[in-house]
Amino acid sequence: MRIAKSYYYILLFAIGFCITISVPYLVHMATYTPQKYPLVLYSSQLRELVHIDYSDKEFPLTDKNGKKYTTSQFDSLMPLLNYKQLMAENKMPDSIHWLRTDMRMIVSYQIAVNISAERVNKPQSMAYPVFESLPTRVNEFATDYVFCLNEDAEVYNIATNYYDTEKTAIFRNELLKNKFVFPAQWVIGNTDTYKTYDYGYFSLDAEGKLFHIKCVNGKPFVRNTHLENSSGWHSFHPCETLRHNVYGILLSNDGRLARVTLDANGAYYAQWLDMPNIDPDNDAVRILGNIVAWNVTVSKPEGEYTYALSAWALSLLASEFIPAQKCTWDNINKWIFPLVILIKEPGSSFVSPKLISVNYDAIWFNIVLAFAYLIRKRRYGSPIKWYALMSILVFGIGAFMAMAFLPKNDVR
Amino acid sequence: MKKVVSIIIASICMVFTLSCSKNANTEYTVASLPDSIANAPYIDDAASWLDSTMTGQHILINARVSSVSACRKYCILTGSSKKVTIRLDASGKINGFNKELTGCEVVVSGKLQEKRFGEAELRSHKSDLLKMIETYMYTAKSDTTGVERYSNLFSELREINEMIKWIESNNYSQYSTLSIDCEDYVVLN
């Protein structure tokens with residue numbers, strides 16, 4: 001079959017592009033294995049970070065020096081993790097580091113927060129349910145209204161799907177009274193109805209001021225938090241504690257984390273976590289806190305960093321780095337694919353092709369492919385096409401496979 | 001030709017509609033407060049107009065929230081001089097007070113309530129407290145709860161002592177405190 005030169009180029013480019021995207025994606029799916037790190041937590045008794053491996057039933061705990069501990073030793077050395085087991089055996093100490101450790105105290109200071117770019121960037125409905133913060137019945141979080149903060153404040157009735165003029169006017173007035181500037185950059189809160197209490201939403205207005213918005217006694221309550229940061233606020237990550245004392249974690253644009261609380265005078269207070277800055281768009285953070293220490297785990301491509309911070313002052317107690325183990329994908333991708341374009345960007349729920357890496361080492365594999373193409377063409381007796389060779393040298397396996405799909409005869 | 005004319009008319013209509021909708025996006029301003037709320041008497045002047053004869057009456061008062069209880073069911077109102085403090089209890093459609101209300105200026109409407117403590121009642125409560133402190137001195141643990149409990153008992157004893165002292169110095173037979181059963185409130189800033 002003989003085809004026109006222009007069509008040949010278009011076809012070559014189209015097939016080559018599709019293969020360049022799809023083959024690395026398929027190989028990534030087949031060869032990539034997620035990293036497995038041990039659970040690293042701060043031991044209040046050993047006063048250092050320890051590794052916990054629940055799959056090892058005999059010696060689940062390993063300390064910094066590699067010494068292994070039995071299950072019963074593990075229970076005693078991690079009392080704030082295994083408090084239920086210790087209480088059942090009547091071995092729970094009555095205080096740790098001068099802090100009372102009954103069940104109520106331990107549970108009320110526990111905290112768990114997950115921060116990742118994927119959670120921040122996931123598509124949102126832009127309509128936020130209005131929960132009553134002081135309901136007559138505990139756990140009564142049924143709602144009849146949702147609000148939006150776009151160009152204007154809007155309150156909608158869920159049942160009728162109509163705009164509620166009266167409630168909107170009250171809500172808008174409350175926002176304007178507190179000098180809120182539309183539109184909101186983001187509104188973040190816990191929209192889940194399965195929660196112990198509700199403290200509303202935190203919203204960043206158009207001027208970068210952080211506001212606290214909630215519904216109290218059926219009326220809107222808006223307050224400027226006056227929390228300021230030179231780089232601006234990236235996102236807010238809500239959490240709930242039984243003491244109702246922590247609103248959540250604020251992440252600044254330069255990657256610093258801060259705990260948001262309310263002081264005795266009713267002023268909002270952001271307390272910085274004593275740890276290095278993170279990359280807000282790529283790193284994943286997991287915070288597990290108890291009455292003694294907060295364990296902050298930062299997952300980066302090169303490995304996992306764990307920081308133990310004191311629960312009260314948030315000062316650094318200990319830190320550890322576990323490097324990532326290279327999987328098959330890491331070993332082969334830089335030698336085979338000159339361009340790695342993934343269909344879904346890591347850290348996002350949206351499907352959008354993104355250039356992940358440009359590998360110059362793949363030029364050797366491209367040269368091998370070019371030779372293979374040369375030999376193949378010689379066998380068929382057709383003249384060598386220099387543009388085909390050049391495209392294989394630059395685009396590698398994508399161009400080579402595109403040649404295989406195209407007709408064997410020459411172009412006109 | 002007809003098609004071209006109709007497209008031009010349609011585009012003119014679209015531009016007109018868009019411009020109209022832009023004009024309709026009015027600038028909103030903060031609604032002014034009703035006179036009764038804006039002119040509500042301030043708590044600092046309460047000594048001149050508020051007394052126990054007004055018990056059961058509806059009053060309107062302007063004050064600042066100094067603290068909210070842990071149970072969220074009551075809060076303490078005070079003025080800039082902090083000489084007068086009134087307890088505000090949640091009642092009716094008010095389920096409670098959020099802790100973020102601390103430090104906010106509010107106008108409260110509600111029913112004034114009076115609580116009276118007789119001298120004999122105060123003295124018997126004082127002796128009970130002293131017994132509790134004495135027992136607690138030997139059993140208290142040196143943890144945070146022990147210290148908290150101990151200081152709470154002492155602060156309660158101090159308040160009782162002040163009440164008895166006031167009764168003795170003013171030659172009264174009882175000590176009365178005023179509180180408001182909150183029916184509604186407006187946050188000013």
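Throughout, a chain's letter reflects where its sequence line sits, starting with A, and its residues are numbered from 1. Quick caveat, the model's predicted, so the values are computed rather than measured.
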For chain A, which residues from residues 121-128 of chain B have at least one heavy atom closer than 4.5 Å to it? none
Pair His212(A)-Tyr268(A), side-chain donor/acceptor within less than 3.5 Å: yes
Might you point out which heavy atoms bring Ser66(B) and Thr78(B) nearest each other, and give the distance in Å? CB-CG2, 3.4 Å
Should the heavy atoms of other residues, nucleotides or ligands under 6.0 Å from CD of Glu168(B) be counted, would the total exceed 12? yes
Consider only side-chain N and O atoms of Ser80(B) and Asp44(B), and report whether a donor and an acceptor are under 3.5 Å apart. yes
Tell me, for Phe182(A) versus chain B, whether the close heavy atoms (under 4.5 Å) come from the side chain, the backbone, both or neither. neither
For Phe97(B), is it the side chain, the backbone, both, or neither that has a heavy atom closer than 4.5 Å to a heavy atom of chain A? backbone
Residues Phe147(A) and Val187(A): closest non-hydrogen pair is CZ-CG1, 4.1 Å
Which answer fits Thr136(A), side chain, backbone, both or neither, if we ask what part of it has an atom under 4.5 Å from a heavy atom of chain B? both
Kindly check if the number of other-residue, nucleotide or ligand heavy atoms within 6.0 Å of CG (Asn150(A)) is above 12? yes
With a 4.5 angstrom heavy-atom cut-off, is it the side chain or the backbone of Ala267(A) that approaches chain B, or both, or neither? neither
No-hydrogen, no-angle side-chain donor-acceptor test under 3.5 Å, Asp198(A) and Ser133(A): yes
Below 4.5 Å from any heavy atom of chain A, which atoms of Lys93(B) appear? Answer side chain, backbone, both or neither. backbone
Donor on one side chain, acceptor on other, Tyr156(A) and Glu154(A), under 3.5 Å: yes
